[in-house]
Amino acid sequence: MDIRVRFAPSPTGSLHIGGARTALFNWLFARQNQGRLILRLEDTDAGRSTEDSARGIIEGLKWLGLDWDEGPEVGGGYGPYWQSQRLTTYNIYLKNLLESGQAYYCFCSADDLLKEKEEAQRQKITYKYSGRCRSLSPGAVEARLAAGEKPVIRISGPSDGITAVEDLIRGRVEFANSLFDDFIIAKSDGWPTYNFAVVVDDYTMKISHVIRAEEHLSNTPKQMFIYQALGWQAPSFAHVSMILSPDRSKLSKRHGATSVQEFRDQGYLPETLTNYLALLGWSTGQDRDFWDLSDMINEFSLKDISRSPAVYDVEKLTWMNGHYIAECPTQRLCDILFREAEAKGWPVGNNPEYFYKVIELVKTRAKTTLEILSLIEYFYEEPINYDEKGLNKYFLKDNAPSLLQTAEELVNELNIFSAQALEDALRAKASLMGIKAGVLIHPIRLAVSGRTNTPGLFEIMAILGREVCLRRIRSALAFLKRHKS
């Protein structure tokens, strides 16, 4: 069997992490089985679908590293890949169902349906459409159409028995046919409903496996009715469980970022997000957190996807991101952060080697790329304030001025201004003074960075350079003088 799967988002909003995970699982299944992934945009909801959303979905998938074999920007032999461009195809199969008697025109007005619902409420029974238009004669139908009435089209569904879905994740799921009425497959404006369009698209695009979110499981029996009415073989189905918030409620914006674009803008790397999303519901049983896409392809199986909901944990995601940032090539981080750094007024373009050095120094301390910017701020901006804890601990002491004066003399006189030379000189000076090296190091760190928590002082000073270090030590001495007076 040729493996053909699809990711079919509706471009009515951002690429949510639930949708991104569905896309990832489809991509992994296709790649592992030498199959093809089709991207199809289900944009028939003209009132909500937007070009911006479609663009965002495409950009989000690209950012995650998930390519597709057929679809927008790629083409293929089964297009168009936008539902709004497929009306001619839908009409062919709507006509087939009408002519075979498997579907019929329904002219019931909103008032007609409201009366039926009210009667069902009065009888305290679950409302289902009565099917009254199913018995209209061909002549009556033609007359009403000729009069300009705009009917919907309903399918003639089974009223008894069961419809079973052999789900590759959830096992056999049965639905009583009595739960369903003759549901609408085309609206009065001529556009197909979701359930009809998706069946026609999946069949005509030769989709072999439909891997999608659990919320679509309830749609599956209706889609099976349509497959049966058209005499088509349905694809295999696999429904992936929901992603829940830490309190096991439905994931929403109140729990933080929920879209791929938001995570990107908050400083997460794409490999972090794909790795983390894969772990939300998929497990090989190995005690392993970090997976690259190639390893996932080798190990991925629908059998290893849990039926239970996955719980989103932003703390683990952020921890994982710190790992990936530490492992990330420094030049790539420079490229990611270049625009944001320039927007701050930092002249990173004038000295890219300097930018590289400072990011290389701090990247193992950051959990997001945006955090890197805060960690390197003092490399581009003079400290105007000093860390309050450090101020009390290292500056507001009687010996602070003499310690900084010693540092000034040492920095000024040092022949070779390197991290190793600085360390050797400072430690030798502390030993000569009969004090621990930290007594000298801590106030210097505060003077040159304004902070108490930084990477190694000697590496910082070597990158800043002699003149900057001298200027900042002298500024700290002036601050202490003002504070004392």
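Just so you know, these numbers use all the heavy atoms, side chains as well, and skip hydrogens, waters and symmetry mates.
A ring pair (Phe, Tyr, Trp, His ring centres under 6.0 Å) with Tyr324 is found for exactly one of Trp291, Phe290, Tyr276, Trp319, namely Phe290. Looking at Glu70, Arg40, Arg86 one by one, the single match for side chain to side chain donor-acceptor pair (under 3.5 Å) with Tyr81 turns out to be Glu70.
Both cation-pi conditions hold for Arg4 and Tyr78: the charged atom is under 6.0 angstrom from the six-membered ring centre and inside a 45 degree cone around its axis. Annotation: cation-pi geometry not satisfied between Arg144 and Tyr105 (NZ/CZ under 6.0 angstrom from ring centroid, within 45° of ring axis).
Note that the CZ atom of Phe7 and the CG atom of Leu41 stand 9.0 Å from one another [nearest 0.5 Å].
Remark: the backbone N or O of Ala103 is not paired with any side-chain donor or acceptor of Arg154 at under 3.5 angstrom.
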Item to complete: Carefully, step by step, assess Arg6 and Leu39 under the rule side chain to side chain contact (heavy atoms under 4.5 Å, CB included).
Response: CA-CA 6 Å; Arg6 48 71 161 180; Leu39 174 62; over 6 Å; no
Worksheet item: Does the side-chain hydrogen bond (donor to acceptor under 3.5 Å, both in side chains) test come out yes or no for Tyr127 and Glu116, once each step is laid out?
Response: CA-CA 8 Å; Tyr127 171 70; Glu116 285 193 0; 2.9 Å; yes
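Counting heavy atoms from C-beta on, the side chains of Phe196 and Ile155 never come closer than 4.5 Å. Taking the side chain as every heavy atom from C-beta outward, His239 and Ile211 never approach each other to under 4.5 Å. Put simply, the side chain of Val5 does not reach to within 4.5 Å of the side chain of Phe25, judged on heavy atoms. Contact annotation: the side chain of Leu94 never approaches that of Val200 to less than 4.5 Å [non-hydrogen atoms, C-beta and beyond].
Taking the side chain to side chain contact (heavy atoms under 4.5 Å, CB included) definition, one finds that Gln85 meets it with Pro80, Trp82, sequence neighbours left out.
Between Arg132 and Asp112, the closest heavy-atom pair is NH2-O, 3.9 Å.
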Listed pairs under 3.5 Å, donor-acceptor, residues 352-362 side chains, sequence neighbours left out:
from	atom 1	to	atom 2	distance (Å)
Tyr354	OH	Phe379	O	2.7
Glu360	OE1	Thr330	OG1	2.2

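Around atom CD of Gln123, more than 12 heavy atoms belonging to other residues, nucleotides or ligands sit under 6.0 Å away.
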